[in-house]
Amino acid sequence: MTIEFAYKPKVIPIEGEEISFAVRRIYCVGRNYLDHIREMKEGDERDPPFFFQKPADAIVPSGTSVPYPSATTDLQFEGELAVAIGKKGRAIRAEDAFDHVFGYGISIDLTRRDRQFECRDMSRPWEAGKSFDHSAPCGNLVRRATAGNLSTGGLTLLVNGETKQKSDISLMIWGVADIIAHLSAQYTLEPGDIILTGTPAGVGPVVPGDIIDVVFDGLPKLSVTIAPPLT
Ligand code: MN
């Protein structure tokens, strides 16, 4: 016998369609733009990509709000391209990687920067800094059949209309295909998985009342408001 709970997977709308994408896992790539590695004063610029996860129910849809999280006084945004997986695979070769891509969206890797640095400095896992409720806003997905095999595209993040991050995914150290190759060497990827591909320079704090917009060429805008903490 199994006790069944009422939990339903979080879903991301597919742009222009009635159906949504149910999320299984959220993987994130650390340190994937040189300018961000340098602003974080981290020296391992040639290392292979590394990965961490967020809980699948951390997804927040565009047009809604994110309560300011507990246990931090330094909530920061990281605008990132998100890749949605649509086909199972492990040990995927880079040349086959796009076959496994369902589509793309825009995401924010929300970070408790104070907790992240504390974990880093104590050589502890990043969970407290990265893996918390509401930490993965994600905009509507566009299918790969429409968007293609993405290797370029401008990514811009604005807070209250002011540009904070402006880059291009062609500047990622590890592109979409390489990320999938490396990640699938560690985990079996399944339909429903989402990969946040890393952030460029310009990360910074937000406070309740701030509006974060992220835009990427060809994808629907992601917009969330930071709300007061939950009481
Ligand atoms: Mn990130």
Side-chain angles (χ1 to χ4, degrees), residues 12 23 25-45 47-60 62 66 69 72 74-85 104-121 124-139 150 153-159 163-176 178-180 182-183 186-187 193-206 210 212-216 219 222 224 226:
I12 305 171
V23 175
R25 290 184 183 173
I26 304 170
Y27 295 102
C28 303
V29 183
R31 300 174 198 150
N32 201 23
Y33 290 80
L34 274 182
D35 58 357
H36 178 59
I37 293 174
R38 289 172 182 165
E39 78 175 345
M40 291 288 115
K41 298 185 168 44
E42 292 173 344
D44 50 356
E45 297 181 1
D47 281 2
F50 78 94
F51 305 99
F52 57 92
Q53 292 187 47
K54 289 174 181 275
D57 67 349
I59 292 286
V60 175
S62 185
V66 172
T72 186
D74 191 13
L75 177 67
Q76 295 204 0
F77 54 81
E78 298 187 355
E80 312 199 358
L81 174 71
V83 176
I85 296 297
Y104 313 91
I106 299 171
S107 59
I108 307 169
D109 169 14
L110 285 172
T111 301
R112 291 170 171 143
R113 192 72 69 200
D114 41 3
R115 295 288 84 76
Q116 182 199 10
F117 283 165
E118 195 175 85
C119 295
R120 182 185 70 180
D121 294 346
R124 286 181 177 170
W126 275 15
E127 249 73 12
K130 290 291 193 177
S131 185
F132 53 92
D133 298 345
H134 311 287
S135 60
C138 190
L150 288 185
L155 178 74
T156 304
L157 182 145
L158 308 94
V159 178
T163 299
K164 300 290 188 181
Q165 294 185 281
K166 189 169 179 57
S167 189
D168 193 289
I169 63 160
S170 63
L171 297 173
M172 294 196 299
I173 297 169
W174 304 94
V176 172
D178 286 329
I179 289 169
I180 289 170
H182 280 273
L183 183 61
Q186 296 183 32
Y187 303 96
D193 291 344
I194 295 283
I195 307 169
L196 276 53
T197 55
T199 199
V203 301
V206 282
D210 284 345
I212 309 176
D213 294 314
V214 196
V215 294
F216 183 93
L219 298 179
L222 168 62
V224 292
I226 305 300

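Each ligand, and each atom within it, is numbered from 1 in the order the structure gives. Positions are given from 1, in the same order as the sequence printed here.
- Two residues are said to be in side-chain contact when any heavy atoms from C-beta on lie closer than 4.5 Å; Phe132 and Leu75 meet this criterion.
- Not counting sequence neighbours, the partners of Arg115 by the side chain to side chain contact (heavy atoms under 4.5 Å, CB included) test are Arg112, Glu118, Ala128.
- For Gln186, the side chain to side chain contact (heavy atoms under 4.5 Å, CB included) partners two or more places apart in sequence, or in a different chain, are Phe51.
- Shown here are the side chain to side chain contact (heavy atoms under 4.5 Å, CB included) partners of Arg25, two or more places apart in sequence or in another chain: Tyr27, Gln53, Tyr187, Asp193.
- Nearby protein atoms of type N, O or S around the Mn ion (ligand 1) amount to 3 (distance under 2.8 Å).
- How far CG of Leu157 is from CD1 of Ile212: 6.0 Å, rounded to the nearest 0.5 Å.
- A donor-acceptor pair is defined here as one N or O able to donate and one able to accept, closer than 3.5 Å; no such pair exists between the side chain of Asp109 and the backbone of Glu78.
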